[in-house]
Undergrad: 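Would you mind keeping the following structure in view while I ask a few things?
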Amino acid sequence: MPELPEVETIVRALREGGRGGEALPGHRIEAVDVSWARSVAEPSVEGFTRQVVGQRIEAVTRRGKFVVLHLDRQALLIHLRMSGDLRVESTGEQTQPHDRIRFFLSGGLSLVFNDPRKFGRVWLVDDWQNTLAGLGPEPLDEAFTVGELAQRLRVTRRMIKPLLLDQTFLAGLGNIYTDEALHLARIHPLAPAWKLSTEQVARLWGAIRSVLMEGIRRNGASIDWVYRGGEFQHHFLVYQRAGMPCQGCGSPIQRIVVGQRGTYFCPVCQPPWEG
DNA sequence: CACGAGACCTGTTCGC
DNA sequence: TGCGAACAGGTCTCGT
């Protein structure tokens with residue numbers, strides 16, 4: 001899936017125009033066509049269609065990996081999960097394979113939700129903040145300090161990698177950026193979160209932020225046919241580099257499975273924890 | 001509470 | 001060439 005940097009890249013394009021599409025704010029939703037019903041999480045497809053039509057898109061923001069379309073009366077939350085994507089095109093452009101929802105907008109525009117694997121979901125809600133209240137902090141917010149990270153790490157008994165993937169712990173990290181951040185911080189993915197030293201926590205805080213900012217700067221990673229345009233994939237230090245030499249020490253990058261996710265790390269630069 | 005397995009899905013790549 | 005297995009950016013639910 002798109003992680004925070006990919007979602008941020010998409011959100012900026014929807015907000016300001018770009019990636020081949022026009023900016024959304026100011027346009028009104030005139031009709032909707034849902035071709036895969038389960039892409040709509042809430043409410044029912046009927047209710048969704050009835051309520052969303054007629055609303056105007058006021059703003060586009062991001063919270064964690066959610067795209068938030070602020071409408072005049074409600075909010076449209078979109079989670080792209082593994083393979084979802086959003087594109088803006090002129091209505092009349094040819095339908096693409098795996099198009100799941102098309103929003104017909106004023107001015108002859110369409111917003112299309114495309115999702116080959118059908119894991120993505122959209123919600124139409126009255127109070128988006130309430131719906132997303134369970135998410136952890138935004139890693140790039142000023143409010144997310146090294147002190148807050150340290151405090152949250154202290155009160156868990158979990159391994160660090162699955163913890164960082166937990167969106168209620170921190171919002172926005174996924175499999176790629178977690179592995180990259182742990183490598184930069186020189187922390188083993190299986191390390192017990194509560195046993196990290198003060199120095200390790202400080203490095204992790206900096207690594208999470210720098211890896212996310214770098215991802216955004218490079219317009220995200222496009223490692224397959226989705227999320228075209230990003231180029232962060234050319235800068236991975238460990239992700240999908242099993243057997244290739246570590247940039248730091250030259251030893252081969254190792255792949256293990258953690259929480260059913262492929263996990264890449266350097267066994268020398270990210271040694272097993274003490275004790 | 002923490003963790004693993006299975007489910008939800010389709011497409012691509014890898015190994016024989 | 002063909003075919004099945006493994007794998008993929010995520011998250012939810014259930015059982016231990």
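All values derive from a computational prediction rather than experimental measurement. All values below were derived from every heavy atom in this structure, side-chain atoms included, with hydrogens, water molecules and symmetry-related copies excluded. Here is the naming used below: chain letters follow the sequence lines, and residue numbers restart at 1 for every chain.
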Undergrad: Using atom P of each nucleotide, how far apart are B:dA5 and C:dC7 to the nearest Å?
TA: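 Per the computed distance, 13 Å lies between those P atoms.
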Undergrad: Enter the distance from A:Arg28:CZ to A:Phe103:CZ here, rounded to the nearest 0.5 Å.
TA: 15.5 Å
Undergrad: As a test of reading the structure: which of C:dA8, B:dA2, B:dG11 is closest to the side chain of A:His98, going by heavy atoms?
TA: B:dG11
Undergrad: Can you work out whether A:Gln260 or A:Val155 has the more 5'-proximal nearest nucleotide on DNA chain B?
TA: A:Val155
Undergrad: Can a salt bridge be assigned to the pair A:Lys65 and A:Glu8 using a cut-off of 4.0 Å between side-chain N and carboxylate O?
TA: no
Undergrad: Starting at atom CZ of A:Arg117, determine the distance to atom P of B:dA7, rounded to an integer number of angstrom.
TA: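 Distance check: A:Arg117 CZ to B:dA7 P gives 15 Å.
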Undergrad: Would you mind reading off the distance between A:Asp85 atom CG and B:dG11 atom C1', rounded to a whole angstrom?
TA: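 My rounded result for the distance is 15 Å.
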Undergrad: Report yes if a side-chain nitrogen or oxygen of A:Lys118 is closer than 4.0 Å to either non-bridging phosphate oxygen (OP1 or OP2) of B:dT10; otherwise report no.
TA: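 Yes, A:Lys118 has a side-chain N/O under 4.0 Å of OP1/OP2 on B:dT10.
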Undergrad: I need the CD1-P distance between A:Ile256 and C:dA6, as an integer number of Å.
TA: 19 Å
Undergrad: Please report the distance, rounded to the nearest Å, between CD in A:Gln240 and C1' in C:dA8.
TA: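 The distance from CD of A:Gln240 to C1' of C:dA8 comes to 8 Å, rounded to the nearest Å.
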Undergrad: To the nearest Å, give me how far apart NZ (A:Lys65) and P (C:dC12) are.
TA: 10 Å
Undergrad: A:Met159 side chain: which of B:dC3, C:dT11, C:dA8 is closest?
TA: B:dC3
Undergrad: When rounded to the nearest Å, what value does the distance between P atoms of B:dG6 and C:dA6 take?
TA: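 Each nucleotide's P atom is 13 Å from the other's.
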Undergrad: Take atom CG of A:Leu165 and atom P of B:dA2, then tell me their distance rounded to the nearest Å.
TA: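 Taking atom P of B:dA2 as the reference, CG of A:Leu165 is at 15 Å.
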Undergrad: Distance check needed: B:dC8 P versus A:Phe119 CZ, whole Å only.
TA: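 Computing the A:Phe119:CZ to B:dC8:P distance gives 10 Å.
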Undergrad: Of all the nucleotides listed (B:dC8, C:dA8, B:dC3), which has the minimum atom distance to the side chain of A:Tyr239?
TA: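 Among B:dC8, C:dA8, B:dC3, the one nearest the side chain of A:Tyr239 is C:dA8.
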Undergrad: Does a side-chain N or O from A:Thr156 land closer than 4.0 Å to OP1 or OP2 of B:dA2, or not?
TA: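 For B:dA2, OP1 or OP2 has a side-chain N or O of A:Thr156 closer than 4.0 Å.
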Undergrad: With a 4.0 Å cut-off on N to O distance, would you call A:Arg255 and A:Asp179 a salt bridge?
TA: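 Salt bridge flag = no for A:Asp179 with A:Arg255.
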Undergrad: Go through A:Asp126 and A:Gln74 one step at a time and tell me if the side-chain hydrogen bond (donor to acceptor under 3.5 Å, both in side chains) criterion holds.
TA: CA-CA 5 Å; A:Asp126 294 333; A:Gln74 291 174 293; 2.8 Å; yes
Undergrad: Centroid separation under 6.0 Å, is that true for the rings of A:Phe265 and A:His183?
TA: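 No, too far apart.
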Undergrad: Between A:His79 and C:dG10, is there a contact of a side-chain N or O with OP1 or OP2 at under 4.0 Å?
TA: no
Undergrad: Measuring from A:Ile57:CD1 to A:Asp72:CG, what's the distance to the nearest 0.5 Å?
TA: 10.0 Å
Undergrad: Report the nucleotide, chosen from B:dC8, C:dA8, B:dG4, that has the shortest atom-to-atom distance to any side-chain atom of A:Arg38.
TA: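 Nearest to the side chain of A:Arg38 among the choices is B:dC8.
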Undergrad: With A:His70, which residues qualify under side chain to side chain contact (heavy atoms under 4.5 Å, CB included), at least two apart?
TA: A:Ala59, A:Thr61, A:Val68, A:Trp128
Undergrad: What is the nucleic acid contact for A:Tyr264, judged by heavy atoms within less than 4.0 Å: base, sugar-phosphate only, or nothing?
TA: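 Sugar-phosphate contact only - A:Tyr264 comes under 4.0 Å of backbone atoms but never of a base.
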Undergrad: Of the nucleotides B:dA2, C:dT11, B:dC8, which has the atom closest to the A:Arg261 side chain?
TA: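 Closest of the options to the side chain of A:Arg261: C:dT11.
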Undergrad: Looking at A:Arg255, does any N or O in its side chain come under 4.0 Å of the phosphate oxygens OP1/OP2 on C:dA8?
TA: yes
Undergrad: Is the number of heavy atoms from other residues, nucleotides or ligands under 6.0 Å of A:Glu58 CD greater than 12?
TA: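 More than 12 heavy atoms, drawn from other residues, nucleotides or ligands, come within 6.0 Å of this atom.
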Undergrad: When the P atoms of B:dC9 and C:dG4 are considered, how many whole Å apart are they?
TA: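 That atom pair is separated by 22 Å.
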Undergrad: Checking A:Phe236 now: which residues fulfil ring pair (Phe, Tyr, Trp, His ring centres under 6.0 Å) with it, not counting sequence neighbours?
TA: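 Ring pair (Phe, Tyr, Trp, His ring centres under 6.0 Å) check on A:Phe236 returns A:Phe232, A:Tyr239.
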Undergrad: Any base atoms under 4.0 Å from A:Arg121, or only sugar-phosphate, or nothing? Heavy atoms, all strands.
TA: nothing
Undergrad: Dot-bracket, 5' to 3', for DNA chain B please: Watson-Crick or G-U pairs under 3.5 Å, [ ] where pairs cross earlier ones, | where the partner sits on another strand, dots elsewhere.
TA: .|||||||.|||||||
Undergrad: Counting side-chain heavy atoms from C-beta on, which of B:dC9, B:dA2, C:dG10 comes nearest to A:Trp36?
TA: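 Of the options given, the side chain of A:Trp36 lies nearest B:dC9.
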Undergrad: Can you tell me how far P of C:dG10 sits from CG of A:Asp115, to the nearest Å?
TA: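 Atom-to-atom, A:Asp115 to C:dG10, this comes out as 13 Å.
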